[in-house]
Engineer: 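Once you've had a glance at the structure underneath, I'll fire off some questions.
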There are 2 protein chains.
Amino acid sequence: MDPRLDRDTSNCSIARTLEVVGEKWTILILREVWYGTSRFSDFERVLGCPRNLLAARLRMLVDEGILATETYKEPGSRSRPKYVITPKGMDLVPAVLGLLQWGDRYRADPEGPAVLARHRACGAHVDVQIRCEQGHAVQADDIESVPGPAFRMKPAG
Amino acid sequence: MDPRLDRDTSNCSIARTLEVVGEKWTILILREVWYGTSRFSDFERVLGCPRNLLAARLRMLVDEGILATETYKEPGSRSRPKYVITPKGMDLVPAVLGLLQWGDRYRADPEGPAVLARHRACGAHVDVQIRCEQGHAVQADDIESVPGPAFRMKPAG
DNA sequence: TTGCTGAGTATAGGAAAGTAAACTCAGAAG
DNA sequence: CTTCTGAGTTTACTTTCCTATACTCAGCAA
């Protein structure tokens, strides 16, 4: 019996990230924030997401420090809240760009993707790559996974 | 009114990828396949996932071409199916590694991550990076999103 | 022919999500 | 003082998803 099958998977970083961003609408909200949307009614309009879920997801993202609230003021209206991304939220961009990249390759319309991501400085298309600390480009099957400092086995057999 | 709020988001590559891997357990199944698990009962054991969902997710991943079935045979038992990852499935590794990386940074135990990913050739830790086609390393806020060939507006106003 | 095992299928109950509409609340406008 | 608006909250109902348990099925062994 492979002992890895009895490892404790409750502290897996993938699972823990999915606890935060794995619910429906969450990543799509982040996509919109990343595209520049910041107001409640604008999220509702572009996503078609129910208001109660939108409010719940935004609150959770703010609680987690992925979004932060600021205020904006239209002339003739009172101040209202808006949502902006934090550095912690920006650190999710590689993961989301990884999803975008896979969808572009395997699930795009025949004419191509709906959105292109490019480097502001040079205009070239961007993608995510796996690299090692030595700076080598790494293929997915050249990665090996080894137990880390928090590795442990399941409590009881 | 920002016209981007009336764009058609139904062909978004992020949303389309989430249609495939966005359900509960799917990414965790891929994590296990990636770690070397291949048998139905082993997925069940390590994930603690209900069997009917496991069967449904495995069938969907095979239908999508992300996993493929092969057979194995233990001495004294009949042939049984096992699940292996395809190249299309391996192309999800950057996205999953992005999730892992974020969890390692923000949600790991005090002593560190449970699993470390390293380059088989040199042993160095691997991570995902954003790069442009010119080869420049790109920060998340140096990315701009522009309409692609399949960009379109919502059908009716 | 009875039992064992791995790989599922079937079913029933509960939780979460989707849909829709009504309601609240604060402040600016009239 | 009433109305309007954006940003929610609340309630009610339906549908989908998740969980847990029971059951089936195909061979191999005794």
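All chains are named by letter (A, B, ...) in the order of the sequence lines, taking the proteins before the strands, and each is independently numbered beginning at 1.
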Engineer: What's B/L53 touching, base or sugar-phosphate or nothing? Going by heavy atoms closer than 4.0 Å.
Structural biologist: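 Here B/L53 touches the bases of the nucleic acid.
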Engineer: Quick check on C/dA7: is either OP1 or OP2 less than 4.0 Å from any side-chain nitrogen or oxygen of B/Y72?
Structural biologist: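 Looking at the OP1 and OP2 atoms of C/dA7, one of them is under 4.0 Å from a side-chain N or O of B/Y72.
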Engineer: Determine, for A/D141 against B/R120, whether the closest basic-nitrogen to carboxylate-oxygen distance falls under 4.0 angstrom.
Structural biologist: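 No.
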Engineer: Take A/G48 and B/A55, find for each the nucleotide of DNA chain C with the closest heavy atom, and name the residue whose nucleotide sits nearer the 5' end.
Structural biologist: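 The residue mapped nearer the 5' terminus is B/A55.
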Engineer: Choose from D/dG6, C/dA7, D/dT9 the nucleotide whose nearest atom is closest to any side-chain atom of A/R51.
Structural biologist: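 Ranking D/dG6, C/dA7, D/dT9 by closest atom to the A/R51 side chain puts D/dT9 first.
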Engineer: Pick the closest DNA chain D nucleotide for A/A56 and for A/R80 by heavy atoms, then say which residue is nearer the 5' end.
Structural biologist: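 The residue whose closest nucleotide sits nearer the 5' end is A/R80.
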Engineer: Between C/dG18 and A/K24, is there an OP1 or OP2 to side-chain N/O distance shorter than 4.0 Å?
Structural biologist: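 Answer yes for this pair, as a side-chain N or O of A/K24 is under 4.0 Å from OP1 or OP2.
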Engineer: Mind checking whether B/R51 and B/F40 have side chains closer than 4.5 Å, heavy atoms only?
Structural biologist: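 Yes. Closest side-chain heavy atoms under 4.5 Å.
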Engineer: Would you kindly give the CD-to-C1' distance between A/E74 and C/dA26, to the nearest whole Å?
Structural biologist: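 These atoms are roughly 17 Å apart.
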Engineer: Between the base of C/dA28 and the side chain of A/R78, is there a donor-acceptor distance below 3.5 Å?
Structural biologist: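 No, no donor-acceptor pair under 3.5 Å.
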Engineer: Return no unless some side-chain N or O of A/Y83 is found under 4.0 Å from OP1 or OP2 of D/dA7.
Structural biologist: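 No, because none of the side-chain N or O atoms of A/Y83 sits under 4.0 Å from OP1 or OP2 of D/dA7.
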Engineer: According to a strict under-4.0 Å criterion, is A/W25 in side-chain N/O contact with OP1 or OP2 of C/dG18?
Structural biologist: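 For A/W25, the contact criterion (side-chain N or O under 4.0 Å from OP1 or OP2 of C/dG18) is met.
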Engineer: Give a yes/no on whether any side-chain N or O of A/K82 is located under 4.0 angstrom from OP1 or OP2 of D/dA7.
Structural biologist: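 Answer no for this pair, as no side-chain N or O of A/K82 is under 4.0 Å from OP1 or OP2.
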Engineer: In whole angstrom, give the distance that lies between atom NZ of B/K73 and atom C1' of C/dG6.
Structural biologist: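 Those two atoms, NZ and C1', are 13 Å apart.
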Engineer: Between atom CG in B/L54 and atom P in D/dT21, what is the gap in whole Å?
Structural biologist: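 One finds 17 Å between P of D/dT21 and CG of B/L54, rounded.
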Engineer: Please list all pairs meeting salt bridge (Lys or Arg N to Asp or Glu O under 4.0 Å) that have one or both residues in residues 86-101 of chain B, counting only residues at least two apart or in different chains.
Structural biologist: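 Qualifying pairs, neighbours excluded: A/R105-B/D91.
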Engineer: Please determine if a side-chain N or O atom of B/S41 lies less than 4.0 Å away from the OP1 or OP2 oxygen of C/dA7.
Structural biologist: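 The answer is yes; a side-chain N or O of B/S41 sits under 4.0 Å from OP1 or OP2.
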Engineer: Return the value, rounded to whole Å, for the distance between atom CD of A/E23 and atom P of D/dC17.
Structural biologist: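 Answer to the nearest Å: 15 Å.
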Engineer: Is there a donor on the side chain of B/N52 or the base of C/dT11 sitting less than 3.5 Å from an acceptor on the other?
Structural biologist: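 Result: at least one qualifying N/O pair found.
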Engineer: Measure CD/A/E19 against C1'/C/dA16 and give the value in whole Å, please.
Structural biologist: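 The answer, rounded to whole Å, is 16 Å.
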Engineer: Can a donor-acceptor pair be found between the side chains of A/D42 and A/T37 at a distance below 3.5 Å?
Structural biologist: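 There is no such pair between these side chains.
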Engineer: Decide yes or no on salt bridge (Lys or Arg N to Asp or Glu O under 4.0 Å) for B/R118 and A/E133, but give the supporting numbers first.
Structural biologist: CA-CA 9 Å; B/R118 61 186 206 189; A/E133 281 179 342; over 6 Å; no
Engineer: Mind checking A/F43 for me? I need base, sugar-phosphate or nothing, with any heavy atom below 4.0 Å counting as a touch.
Structural biologist: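 No contact.
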Engineer: A/R45 has an atom CZ; how far is it from atom P of D/dA7, in whole Å?
Structural biologist: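 Distance check: A/R45 CZ to D/dA7 P gives 13 Å.
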Engineer: Check the phosphate of C/dT9 against B/R59, side-chain N and O only, distance under 4.0 Å to OP1 or OP2. Yes or no?
Structural biologist: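 For C/dT9, OP1 or OP2 has a side-chain N or O of B/R59 closer than 4.0 Å.
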Engineer: Between D/dG8 atom P and A/I29 atom CD1, what is the distance in whole Å?
Structural biologist: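 Whole-Å distance recorded here is 12 Å.
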Engineer: Are A/K82 and A/E74 within salt-bridge range, i.e. N to O under 4.0 Å?
Structural biologist: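 Salt bridge: no.
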Engineer: Using heavy-atom distances to pick each residue's nearest nucleotide on DNA chain C, tell me which of A/P75 and A/R57 is more 5'.
Structural biologist: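 Its nearest nucleotide lies further toward 5', so the answer is A/R57.
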Engineer: Please state how far atom CE in B/M60 lies from atom P in D/dC18, giving the value in whole angstrom units.
Structural biologist: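 Distance check: B/M60 CE to D/dC18 P gives 11 Å.
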Engineer: Under 4.0 Å, heavy atoms only, any strand: does A/E44 hit a base, just the sugar-phosphate, or nothing?
Structural biologist: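 It contacts nothing in the nucleic acid.
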